[in-house]
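So the structure is just underneath, and the comments pick up after that.
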Amino acid sequence: MDQLTKDIVRGGVLSYIYGPGILKKLSGEFRIEVSKTGGLRRIYLGDRLVFTIRASDGRPLPTLEGARLIDKVVVVSRDAAPFVKQGRSVMAKFVVDIRNAVPR
């Protein structure tokens, strides 16, 4: 992947979605995995997987490692916490608080 594409993904897409504060945190070895058809699949920082790309719309979704890079915080209920630790999605009724983010 060429440097221009990496800069567009890091400086354009990720900073637009997750805020400009993420740029400083993504300053290490930034690697993008591309599918056979040329679409983005995964984003790594060093050897850590930090974002996966949702196939339906191309939106980068943070993994647990990636979520640690984002200044936005979503607080879930104690009932949902074990499922989140397993990597499952959180239903809206289990979201207790959102900080530094706008719900969509």
Given side chains that start at C-beta, do those of Phe51 and Leu40 come closer than 4.5 Å, heavy atoms only? no

Any side-chain heavy-atom pair from Val90 and Val74 closer than 4.5 angstrom? no

Nearest heavy-atom neighbours spanning Arg41 and Ser35: CD-CB, 3.1 Å

Given the ring of Phe83, does Arg88 sit roughly above its face, with NZ or CZ under 6.0 Å from the centre of the six-membered ring and within 45° of the axis? no

Taking all atoms of both residues into account, what is the closest heavy-atom pair of Val96 and Ser77, and its distance? CG2-N, 3.4 Å

Under a 4.5 Å side-chain heavy-atom rule over Ile, Leu, Val, Met, Phe, Trp and Tyr, are Leu49 and Leu64 clustered together? no

Going from CZ on Arg48 to OG1 on Thr63, what distance comes out if it is rounded to the nearest 0.5 angstrom? 8.5 Å

Could you give the distance from CZ (Arg42) to CD1 (Ile32), rounded to the nearest 0.5 Å? 13.5 Å

Say whether Leu23 and Tyr16 are linked into one hydrophobic cluster, either directly or through other cluster members, by side-chain heavy-atom distances under 4.5 angstrom. no

Let me check something: do Val13 and Leu45 share a hydrophobic cluster, defined by ILVMFWY side-chain heavy atoms less than 4.5 Å apart, either directly or through other members? yes

Starting at CD1 of Ile22, measure out to CD1 of Ile70 and round the result to the nearest 0.5 Å. 5.0 Å

Is Phe94 reachable from Val84 through a run of hydrophobic residues whose side-chain heavy atoms are each under 4.5 Å from the next? yes

Over all heavy atoms of both residues, which pair between Pro62 and Ala67 is shortest? Give the atoms and the distance, please. CB-N, 3.7 Å

Heavy-atom count check: over 12 atoms from other residues, nucleotides or ligands less than 6.0 Å from Gln86 CD? yes

Taking side chain as C-beta onward, heavy atoms only, is Ile43 less than 4.5 Å from Leu14? yes

d(Asp79 CG, Met91 CE) to nearest 0.5 Å is 12.0 Å

